[in-house]
Amino acid sequence: MGKNRKRATPFSGLSAFVQQAFGSSAESPAESSTAAFNEPPPKRARLDEGTVSTQREETEQNQPQWIKKYDATGLVPHYEHLADVPEHLQKYFWQRTRFFSLYSTLPGCLLDEEGWYSVTPELIADQIAERCRCDTILDAFCGVGGNAIAFAKTCQRVIALDTSPIRLALARHNAQIYGVAERIEFILTDYVSFATSLPQSNTRKIDVVFLSPPWGGPSYLSGTPSPTKEAGPDTDPPPFSLSAIQPIHGADLFHLTRKITPNVAYYLPRNSDLDEIGALVKSDAKEYIEVEEEWMGNKLKALTCYFGGLVDGQGEIFQKAAPTGDRLRSPLGAYLQVSSTPAPPAVGAACCSASGCCRAFGVSTGRGS
């Protein structure tokens, strides 16, 4: 029944409407839709086996290669289930994809015990890396590689140092998962010795140094009080002093670094004393320090203090340390907010210290607490 009925037009309903809407004005809707229906589809060019093989080889060459000898699987546990995680690390395990978004990507990101509580969350690391965009950056305390991986996305070359061969192996392993290991030079050494022995006439110019030294473990919030401020109410942690920084006093670490480059990013606890930070720069230097608050949702995680040419408006300082030749682009720019989560109000817009002004801003990097 109805087998012999013929449709007036090849399409009806929505299909006919689309054909009419996009048909030529010189043709009637029926003529346009009939022509479109009767016209055979264009033939696809046939690729010979040689062309297909060449395209496949080019695709494979563009993919980062996994180097087996740098696979650190088994060096430390890769946790996938809460029941397997030691109790004192379980709160960090809940944040594993904040630390590494590719945590479960095979063969899986690896962290040792210190890495679990010291790695920079990925969104914050990406934010810092964007601010530090340059040719060559030195990550003085790379740990398990959170910041080094982020720097490899924005810088041409990354030098990553650590004193632990295990953490250095984990950092390289994790960098392979992110496909950036070939842009990072991993060196087993302590930063103080490296910086002290670095010749001033070093031809391999280092544009930026990122300092994220040990803060003294998870107890840093109740650690060494600042000599310049008294502790606040019982609900507030005491101000963190640079004297608690390891392996040497935080101020000495900074001044040693400024012999390499004026462009320094200093990653410090959220309760750091801004007066101490401001005193790092001489009062007659007429140099600003930019302090960026790193938030995850409604929780302040840390401060990143920018010096030299990394501060907005001080590009001339960066250029003094820059090598000859073209740069990727200036690392300077407007204050960035990298999340749709509203950033908290700016803190201490003009926090005056012995060195002039220490400008503080807030940045929100992610959702959740």
Closest non-hydrogen atom pair between Ala150 and Asp126, with its separation: CB-OD1, 3.4 Å
Cluster check Leu106, Leu102: I/L/V/M/F/W/Y, side chain < 4.5 angstrom: no
Backbone N/O of Leu310 and side chain of Gln314: donor-acceptor pair under 3.5 Å: no
Check against side-chain contact (heavy atoms from CB on, under 4.5 Å), Ile149 and Phe100: CA-CA 10 Å; Ile149 291 170; Phe100 291 107; 4.0 Å; yes
Close aromatic pair by centroid cut-off 6.0 Å: Trp215 and Tyr117: no
Distance-only polar pair, side chains of Asp207 and Thr136, donor-acceptor under 3.5 Å: no
Distance (rounded to the nearest 0.5 Å) between Lys259 NZ and Thr261 OG1: 14.5 Å
Pairwise distance CZ(Phe151) to CG(Leu138) - rounded to 0.5 angstrom: 9.5 Å
Ring geometry between Tyr103 and Phe93 (parallel below 30°, tilted from 30 to 60°, perpendicular above 60°): perpendicular
Nearest atoms (heavy-atom pairs only) where Gly308 meets Asn263: C-OD1, 3.8 Å
Which residues share a ring pair (Phe, Tyr, Trp, His ring centres under 6.0 Å) with Phe99, sequence neighbours left out: none
Sidechain-backbone polar pair: Asn174 side chain, Val144 backbone, donor-acceptor under 3.5 Å: yes
Side-chain touch Tyr266/Val291, heavy atoms, less than 4.5 angstrom: no
Donor-acceptor under 3.5 Å (Asp135 side chain, Gln156 main chain): no
Heavy-atom closest pair, residues Leu110 and Ala72: CD1-O, 3.3 Å
Over all atoms of both residues, closest heavy-atom pair of Thr120 and Ala125: CG2-N, 3.7 Å
Flag side-chain contact, heavy atom, 4.5 Å: Phe318 against Val208: yes
CG on Leu111 to CZ on Arg96, rounded to 0.5 Å: 11.5 Å
Partner of Tyr306 by side chain to side chain donor-acceptor pair (under 3.5 Å), out of Arg131, Glu292, Glu290: Glu292
Check: Ser118 side chain, Glu114 main-chain N or O, donor-acceptor pair, under 3.5 Å: yes
Side-chain donor/acceptor of His249 to backbone N/O of Ala251, under 3.5 Å: yes
Expected output: side-chain His78 to main-chain Pro107 donor-acceptor under 3.5 Å: no
Contact check, side chains of Leu168 and Pro165, non-hydrogen atoms, under 4.5 Å: no
Residue pair Cys142 / Asp162: nearest heavy atoms and the distance that separates them: N-OD2, 3.8 Å
Residue pair Leu280 / His255: nearest heavy atoms and the distance that separates them: O-CE1, 3.2 Å
CG on Leu211 to CG on Leu253, rounded to 0.5 Å: 5.0 Å
Heavy-atom donor-acceptor pair, Ser164 side chain to Arg167 backbone, under 3.5 Å: yes
Flag, side chain of Glu294 to backbone of Leu300, donor-acceptor distance under 3.5 Å: no
Qualifying residues under ring pair (Phe, Tyr, Trp, His ring centres under 6.0 Å), relative to Tyr79, sequence neighbours excluded: none
Leu256 side chain reached by Thr196 side chain, heavy atoms, under 4.5 Å: yes
Output field: ring centroids Phe210/Phe141 closer than 6.0 Å: no
Expected output: side-chain Thr304 to main-chain Tyr267 donor-acceptor under 3.5 Å: no
Verdict with supporting geometry, Trp94 and Leu82, side-chain contact (heavy atoms from CB on, under 4.5 Å): CA-CA 8 Å; Trp94 284 113; Leu82 183 63; 3.4 Å; yes
Test item: Pro77 and Asp84 side chains (from C-beta on) under 4.5 Å apart, heavy atoms: no
Interatomic spacing from CD1 in Ile187 to CD in Glu185 - rounded to 0.5 Å: 4.5 Å
Test side-chain contact (heavy atoms from CB on, under 4.5 Å) applied to Glu122 and Arg98, step by step: CA-CA 6 Å; Glu122 186 172 309; Arg98 288 184 178 178; over 6 Å; no
Same apolar cluster: Ile67 and Leu170, side chain cutoff 4.5 Å: no
Salt bridge flag under 4.0 Å for residues Glu293 and Arg270: no
Check: Pro269 main-chain N/O paired with Ser272 side-chain donor or acceptor under 3.5 Å: yes
Pairwise side-chain contact, Val192 with Ile248, heavy-atom cut-off 4.5 Å (strictly under): yes
Gap between atom CG of Asp139 and atom SG of Cys155 - 0.5 Å precision: 10.5 Å
Modelled atom types, side-chain donor and acceptor of His88 and Gln90, under 3.5 Å: no
SB check Arg258 Glu287 (cutoff 4.0 Å): yes
Pairwise side-chain contact, Lys301 with Trp295, heavy-atom cut-off 4.5 Å (strictly under): no
Thr189 and Thr163, any side-chain heavy atoms less than 4.5 Å apart: no
ILVMFWY cluster, Ile166 and Tyr70 together (side-chain gap under 4.5 Å): no
Any side-chain donor near an acceptor of the partner, Tyr191 and Thr257, under 3.5 Å: yes
Ring centroid separation Trp66 to His173 under 6.0 Å: yes
